[in-house]
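Comments concern the structure below.
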Amino acid sequence: MIEARHLRVLRAVARTGSFSAAARELGCTQPAVSQQMKALEQSAGTPLLVRSGREMRLTQAGEALVRHAVGIIAGLTAAEEEIAAIAGLRAGRVRLVSFPSGNSTLVPTALATMRAAHPGTRVSLVEAEPPRSIDMLRSGDCEIALAFRYPDVRGADPAAAAEWDDLVVRPILADRLVGLVPDGHRLARAGSAHFSELADEPWIAGCPRCRRHLVEVCESAGFTPRIDFATDDYPAVIGLVGAGLGVAALPELTLTSVRLKGATAVRMEPAVHREIVALTLPDLAHVPAVEATLDQLAHAAGR
C-alpha cells in the first residue's frame with residue numbers, strides 16, 4: 001500500500017534531485033529519506049528512481065507517481081485543513097430534530113448562542129415528534145434529536161425504560177404537567193387541582209404520545225377521561241379551553257411561548273413530569289460541533 005508520507009518524500013526528491021537535499025527540505029535525515037524511498041519502491045513493485053552519482057532521476061513509473069502525488073497530496077492537505085476547522089469549531093454541520101414546544105422555547109436560545117460562539121458551524125433544524133425523531137437519529141438523518149418521554153405510570157412497559165439504551169442521553173429539563181381550565185371554571189382561582197377533580201370534564205388532548213399518557217394518568221387517578229378533541233397544535237388546545245369546550249393538561253414548557261386567552265393554568269396533583277433530553281449516537285457524542293450544541297441546549301434550559 002502506498003502511503004501519503006512516502007509520496008511527500010518522493011515529491012521532495014524529484015524536486016531537489018537528491019536524498020540529502022530532500023532531507024534538508026523535509027527536516028529529517030538522509031538515511032530516513034533513503035529508507036522511505038525503499039519502502040515506496042517495494043509498495044510500488046518497481047523502481048522509481050535511477051541513481052546516478054549524487055543525483056537522482058525518475059523512472060517512467062516514478063514520473064507517473066509524482067504526477068499523481070501532486071493531486072493526492074493537495075487533496076489530503078485540503079482534507080486535513082477541513083478536519084482541523086471542524087475540530088476547532090471553525091466549520092462543521094449539525095442537523096437537529098426537535099418537537100414543536102422545544103422549537104419555540106429551548107432551541108432558539110441554544111442556536112443563537114451557538115451561532116454567536118461558533119459562526120462557522122451551521123446548525124439546521126427540522127421538526128418531528130418522538131418516536132419519529134429518534135428513528136431519524138438512528139437512520140442517520142440527524143446528529144441530535146431533542147425529544148421527550150413520559151414516565152410509565154402503570155409500570156407495565158419494560159420497553160419504555162429501554163427506549164434510549166443505545167443512545168447517549170443528555171438530560172435537559174423535567175417539564176411538569178399543568179392543568180388548563182376556562183377562566184370561569186370552578187377551579188380557575190384554586191391555583192391547584194387533583195386530576196380526580198376533573199373526572200367529569202370533557203378533555204382536549206395533545207399529540208398521540210401525550211394523549212396516551214394523559215389516559216394513563218387519569219386512570220391512575222380513578223377515571224377514564226372523555227376526550228372530545230385532540231390536536232397536536234398547542235395554541236389550538238388553549239383556544240378550545242378558552243372557548244369553554246373542555247379542560248386540558250399540557251407540559252409547562254408549552255405555555256411559555258403562547259398567550260392564555262380565556263384559559264387559566266392550575267397546578268396539577270399528583271405532580272407528573274415529562275423528561276426532555278437531547279439524544280445522539282455514541283460515535284457522535286464527542287464530535288466538537290455536536291458536543292457544543294448539546295451544551296447549548298442544556299444551558300438554554302438552565303442546566
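Numbering of residues begins at 1 and proceeds along the displayed sequence.
For the pair Glu41/Thr46, no side-chain contact is recorded, criterion being any heavy-atom separation below 4.5 Å from C-beta on. Using a 4.5 Å heavy-atom cutoff, the side chains of Val266 and Met268 are in contact. Taking 4.5 Å as the limit, every side-chain heavy atom of Pro225 sits out of range of all side-chain heavy atoms of Phe195. Proximity of Phe19 to Leu49: side-chain heavy atoms (C-beta onward) are separated by under 4.5 Å at one or more points. For the pair Arg11/Ile73, a side-chain contact is recorded, criterion being any heavy-atom separation below 4.5 Å from C-beta on. Between Pro151 and Glu275, every side-chain heavy-atom pair lies at or beyond the 4.5 Å cut-off. Two residues are said to be in side-chain contact when any heavy atoms from C-beta on lie closer than 4.5 Å; Ser18 and Val13 fail this criterion. The side-chain heavy atoms of Leu146 and Val97, taken from C-beta on, include no pair separated by under 4.5 Å.
Here Leu198 contributes atom CG and Leu187 contributes atom CG; the two are 6.0 Å apart, rounded to the nearest 0.5 Å. Taken from CE in Met56 to CG in Leu10, the straight-line distance is 11.5 Å, to the nearest 0.5 Å. From Arg5, atom CZ reaches atom SG of Cys28 across 11.0 Å, with rounding to the nearest 0.5 Å. For the atom pair SG of Cys207 and CG of Asp232, the computed distance is 6.0 Å after rounding to the nearest 0.5 Å.
Clustering of Ile, Leu, Val, Met, Phe, Trp and Tyr side chains at separations under 4.5 Å places Val178 together with Leu180, Ile204, Phe229, Tyr234, Val237, Ile238, Leu240, Val241, Leu245, Leu250, Leu255, Val258, Leu260.
A donor and an acceptor atom, one from each side chain of Asp233 and Thr231, are nowhere located under 3.5 Å apart.
In the hydrophobic cluster analysis, where Ile, Leu, Val, Met, Phe, Trp and Tyr join through side-chain heavy atoms closer than 4.5 angstrom, Met37 is grouped apart from Val50. By the rule that hydrophobic residues join a cluster once side-chain heavy atoms approach within less than 4.5 Å of another member, Leu167 and Met136 end up as members of separate clusters. In the hydrophobic clustering of this structure, Ile172 does not group with Val168; members are Ile, Leu, Val, Met, Phe, Trp, Tyr whose side-chain heavy atoms approach within less than 4.5 Å, directly or through other members. One hydrophobic cluster, built from ILVMFWY side chains closer than 4.5 Å, cannot hold both Leu7 and Val70; they sit in different ones. Grouping the Ile, Leu, Val, Met, Phe, Trp and Tyr side chains by contacts below 4.5 angstrom, directly or via other members, places Leu284 apart from Ile86.
Partners of Arg95 under the side chain to side chain donor-acceptor pair (under 3.5 Å) rule, at least two apart in sequence or in another chain, are Glu143. In terms of the side chain to side chain donor-acceptor pair (under 3.5 Å) criterion, Arg115 has no residue partners (sequence neighbours excluded). By the side chain to side chain donor-acceptor pair (under 3.5 Å) test, Glu291 pairs with no residue at all, sequence neighbours left out.
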What's the verdict on side-chain contact (heavy atoms from CB on, under 4.5 Å) for Glu25 and Arg15, showing C-alpha distance, side-chain angles and the deciding distance? CA-CA 10 Å; Glu25 180 177 298; Arg15 187 166 51 245; 2.2 Å; yes
Begin from the C-alpha positions of Arg212 and Glu219 and carry the test salt bridge (charged side-chain N to carboxylate O under 4.0 Å, His left out) through to its verdict. CA-CA 11 Å; Arg212 183 171 61 251; Glu219 288 180 346; over 6 Å; no
Would Cys218 and Thr224 count as a side-chain contact (heavy atoms from CB on, under 4.5 Å) if you check the C-alpha gap in whole Å, the side-chain angles of each, and the deciding distance to 0.1 Å? CA-CA 6 Å; Cys218 291; Thr224 300; over 6 Å; no
Apply the test side-chain contact (heavy atoms from CB on, under 4.5 Å) to residues Leu40 and Ile2: give CA-CA distance (whole Å), side-chain angles for both, the deciding distance (0.1 Å), then the verdict. CA-CA 7 Å; Leu40 180 57; Ile2 296 175; 3.8 Å; yes
May I have the step-by-step check of side-chain contact (heavy atoms from CB on, under 4.5 Å) for Trp164 and Leu137, ending in yes or no? CA-CA 11 Å; Trp164 300 336; Leu137 176 62; over 6 Å; no
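Across all non-hydrogen atoms, the minimal contact from Ala128 to Ser133 is O-CB, 3.8 Å. Among all heavy-atom pairs drawn from Ala188 and Pro182, the shortest one is CB-O, 3.8 Å. Between Ile134 and Pro130, the closest heavy-atom pair is CD1-CB, 4.1 Å. Here the shortest heavy-atom pairing between Gly206 and Arg211 reads O-NH2, 2.9 Å. Contact detail for Thr121 and Ala91: the closest heavy-atom pair is OG1-O, 3.5 Å. Nearest heavy-atom pair across Leu297 and Ala278 is CD1-CB, 4.1 Å.
At least one donor-acceptor pair closer than 3.5 Å links the side chain of Thr113 to the backbone N or O of Thr109. Here the side chain of Thr280 pairs no donor or acceptor atom with the backbone of Ala285 at under 3.5 angstrom. Using modelled atom types, no side-chain atom of Gln296 and backbone atom of Thr293 make a donor-acceptor pair closer than 3.5 Å. Proximity of a side-chain donor or acceptor of Glu81 to a complementary backbone N or O of Leu76 within less than 3.5 Å is not detected. At least one donor-acceptor pair under 3.5 Å links the side chain of Ser220 to the backbone N or O of Val217.
Within the structure, the side-chain hydrogen bond (donor to acceptor under 3.5 Å, both in side chains) test picks out no pair touching residues 242-256 (sequence neighbours left out). Residue pairs meeting the side-chain hydrogen bond (donor to acceptor under 3.5 Å, both in side chains) criterion with at least one partner in residues 169-192, sequence neighbours excluded, are Arg170-Asp295, Asp175-Arg274, Arg176-Glu269, Asp183-Thr264, His185-Glu201.
We find that Glu216 and Arg209 are not joined by a salt bridge, their nearest charged nitrogen and carboxylate oxygen being 4.0 Å or further apart.
With Leu96 as reference, Leu125 is the one residue of Leu125, Val290, Val126 to meet the side chain to side chain contact (heavy atoms under 4.5 Å, CB included) rule. When each of Ile144, Val107, Thr105 is tested with Ser98 by the rule side chain to side chain contact (heavy atoms under 4.5 Å, CB included), just one qualifies, namely Val107.
For the pair Arg226 and Trp203, the cation-pi criterion (under 6.0 Å, within 45° of the ring axis) is not fulfilled.
Enclosure of atom CD in Glu80 by more than 12 non-hydrogen atoms of other residues, nucleotides or ligands within 6.0 angstrom is indicated. Within a 6.0 Å sphere centred on CZ of Arg138, heavy atoms belonging to other residues, nucleotides or ligands number more than 12. Counting non-hydrogen atoms of other residues, nucleotides and ligands closer than 6.0 Å to CG of Asp200 gives a total of 12 or fewer. In Glu3, the CD atom is crowded: over 12 heavy atoms of neighbouring residues, nucleotides or ligands sit closer than 6.0 Å.
Between Phe99 and Phe148, the angle of the ring planes goes over 60°, which puts this pair in the perpendicular group of the 30/60° scheme.
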